[in-house]
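The figures that follow rest on heavy atoms only: side chains count, while hydrogens, waters and symmetry mates do not. Note that the coordinates shown come from a computational prediction; the quantities given were computed from them, not determined experimentally.
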Protein chains: 2
Amino acid sequence: MVTIKDIAKAAGVSPSTVSRVISNHSRISKATTEKVKRIMEEMGYHPNVMAKSLVSKTTKTLAIVLPRPAEELFQDFFFGELLRGILAHSTKAGYDMLLAAATSPADEQDTISRLVLGRRVDGVVLLSSRQNDPLIKLLAKHEFPTVLIGRTEGHDTIISVDTDNVQASFDATTHMLNQGHTKIGFVIGPPNLTVSVDRLAGYRKAMEEAGLTINPEWIVDGEFLQHSGYRAMSFVMNIPDPPTALIVIDDVTAFGVLRGLNELGFQVPHDISLVSFNNIALAELASPAISSVDISTYQLGYTASHLLVRRIQENLASQARNIIPHRLVVRESSIKEIHKRG
Amino acid sequence: MVTIKDIAKAAGVSPSTVSRVISNHSRISKATTEKVKRIMEEMGYHPNVMAKSLVSKTTKTLAIVLPRPAEELFQDFFFGELLRGILAHSTKAGYDMLLAAATSPADEQDTISRLVLGRRVDGVVLLSSRQNDPLIKLLAKHEFPTVLIGRTEGHDTIISVDTDNVQASFDATTHMLNQGHTKIGFVIGPPNLTVSVDRLAGYRKAMEEAGLTINPEWIVDGEFLQHSGYRAMSFVMNIPDPPTALIVIDDVTAFGVLRGLNELGFQVPHDISLVSFNNIALAELASPAISSVDISTYQLGYTASHLLVRRIQENLASQARNIIPHRLVVRESSIKEIHKRG
DNA sequence: CTGAAAGCGCTTACAG
DNA sequence: CTGAAAGCGCTTACAG
């Protein structure tokens, strides 16, 4: 391992000077700079990140805290895209990303304590947005640079990046209303996630504003869909007054819905229309292609990293809640007239 | 920030003693141990990871190097699962994971150099398995602990974890042969990926051993499928002697195939059977559910981390190539008799 | 069982 | 423009 001292010796200067050359310090002669740089190149010098970190008290590293397994399974399908957005910015800004997972809640606390209080990272991106997250409490207590992707309650000061899920769901429902539907159902997700709460609220709001009453039986629990879309759909489609359209909590669940309906012999969108959320890559490859609210996943990630780095570097208290615009992508699953190509 | 010195002062001992208590050194009296631990607790001490790292010359961190964007898009859909496997083990073994991405090849080299030669990580998990990967060359040259998920050529000594893709594809093809198919086609992936090469080879091998000739027109390019499954399928289904079964490079592409066939009015599996690879979570939610070779994605990740940590800690040269067993999961897309439930 | 000292590889006032 | 010295927070022979 070649160190700054080795370079100093070889170049006939002091370690301080080498250090200054590395950090492009202003008052170093051009001659020395060139000489030192050449020797660093020759000897294959690479600065020791840990040593630098120790004295600078900054790690140039951010942590991403993953939600616990199975908790937000659907996230898997846009996680890659989210990560790509986060990394695109953090790499540009010169930060590395540390991935932190936790199996149990206690574990999670320990991991975070170690990373945050052990000064292993400069900031944290939280992906989980459970209600009353103890992690958020911990990070807020230590005033540690944090940005949340999602929304939480009771912590108004934490910087967050999110979709306006109430509005997104309102828009999706309005789309169905515009298609002439009045009997619109909703396939819900895990009730402890704010995204579930918000999307359900947007749906209710749109129905209410349209003067329509929601039949409680139109609300289907999507958590049981993965393995029994058939049964869940069978129930809702066999009530006396079945919905003619469904708003589905996310694309993955929509696949389950589609499959359940298929098995039951219902045609989408002929017998029933569908619209869902997130617009994962596979949504357009479904048969029929699924209408979905695109939440700009990449942008969510990119912005999260951007806000976090700004918070770290400038200690700038940017506004707490940052909304990334969404956009409904209408495909076959929600329009009656299908024009087949060919 | 409370340091080891602060604790030492408060406990009336030397920093050395505090350090020994932290690392559970043997010859420390029970009394001192308890006292120091109590004070650490009271003062909220957390060891500075960077300082420890600097002296121990070990970072307790691994890096995952992501393939370049768009290069292995399909990976997105099992990336979460892979990551979960890697993290499950690395967390247990006490290692953090650093995520490294790169936009350009040059960038990639720089990032790796910085991480590896700057001693920021103790080992590297490579996800990309391109032919002739320059990264592999670099890591091999420095004899840096590395494990590759996938297969490469020309580096026989690098530790790798992989599916036997030739065999997996052989099995998938055999399954089709057993179903009575003789005109079996293949939808290929990016030709620079070894996984593409291997799966195509397994298919050819099975066909050859069955004494069947492959019509070159049965080989469809899956790279154009995402947005024009229709056109690709239209071509292959309109040749004079169309296939009655298709082996598809991965599940995501299979969705595109399914959609293309759907638009053309072909029924799966009635008109044509399908089988693909990876068994992503959505495969069973397709309509019809897609038969797919399960490659134990989680296990691939878990094993990769396991082998890497062993290599780091014991400097054990485990065998180069480690195969994780696969298993064909037969679903509706490849069996003629469909028994609908209900 | 415990402490003083040296050192990991770097940075940064301070002095010239 | 450059160097000597102190220090970041920890560990670890060495000595007792």
*Asks:* Who pairs with B/Tyr302 by side chain to side chain donor-acceptor pair (under 3.5 Å), at least two apart in sequence or on another chain?
*Replies:*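 Applying side chain to side chain donor-acceptor pair (under 3.5 Å) to B/Tyr302 gives B/Lys92.
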*Asks:* Mind jotting down which residue pairs meet the salt bridge (Lys or Arg N to Asp or Glu O under 4.0 Å) criterion with at least one end in residues 110-126 of chain A? Sequence neighbours excluded, please.
*Replies:*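 Every pair satisfying salt bridge (Lys or Arg N to Asp or Glu O under 4.0 Å) with a residue in residues 110-126 of chain A: A/Arg114-B/Asp96, A/Arg120-B/Asp96.
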*Asks:* Does DNA chain D take part in any stems of at least 3 consecutive Watson-Crick or G-U pairs (both distances under 3.5 Å), and if so, which ones?
*Replies:* C:1-3 with D:14-16, C:5-12 with D:5-12, C:14-16 with D:1-3
*Asks:* Residues two or more places apart in sequence or in another chain: which of them pass side chain to side chain contact (heavy atoms under 4.5 Å, CB included) with A/Ser16?
*Replies:* A/Ser14, A/Arg20
*Asks:* Mark up nucleotides 8-15 of chain C, 5' to 3', with B wherever a protein heavy atom is under 4.0 angstrom from a base atom, S wherever such an atom reaches only the sugar-phosphate, and - elsewhere.
*Replies:* BBBBBBB-
*Asks:* Pairs of donor and acceptor atoms involving the side chains of residues 3-11 of chain B, under 3.5 Å and at least two apart or interchain, shall be tabulated with distances.
*Replies:*
unit_1	atom_1	unit_2	atom_2	d
B/Thr3	OG1	B/Lys5	N	3.1
B/Asp6	OD2	B/Thr3	N	2.8

*Asks:* Quantified in whole Å, what is the C1' atom distance between nucleotide C/dT12 and nucleotide C/dG16?
*Replies:* 16 Å
*Asks:* Checking all strands, does B/Thr32 fall into the base, sugar-phosphate, or nothing category for heavy-atom contacts under 4.0 angstrom?
*Replies:* sugar-phosphate
*Asks:* Return each pair, listed once, that meets salt bridge (Lys or Arg N to Asp or Glu O under 4.0 Å) where at least one residue sits in residues 43-56 of chain A; pairs must be two or more places apart or across chains.
*Replies:* none
*Asks:* Would the distance check show the side chain of B/Ser29 and the main-chain N or O of B/Thr32 forming a donor-acceptor pair, the cut-off being under 3.5 Å?
*Replies:* yes
*Asks:* Please set out all donor-acceptor pairs under 3.5 angstrom arising from side-chain atoms of residues 36-51 of chain A, sequence neighbours excluded.
*Replies:*
unit_1	atom_1	unit_2	atom_2	d
A/Arg38	NH1	A/Glu42	OE2	3.0
A/Asn48	OD1	A/Met50	N	2.8
A/Asn48	OD1	A/Ala51	N	3.0

*Asks:* For B/Ser305, give me all partners under side chain to side chain donor-acceptor pair (under 3.5 Å), at least two apart in sequence or on another chain.
*Replies:*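 By the side chain to side chain donor-acceptor pair (under 3.5 Å) rule, B/Ser305 matches B/His89.
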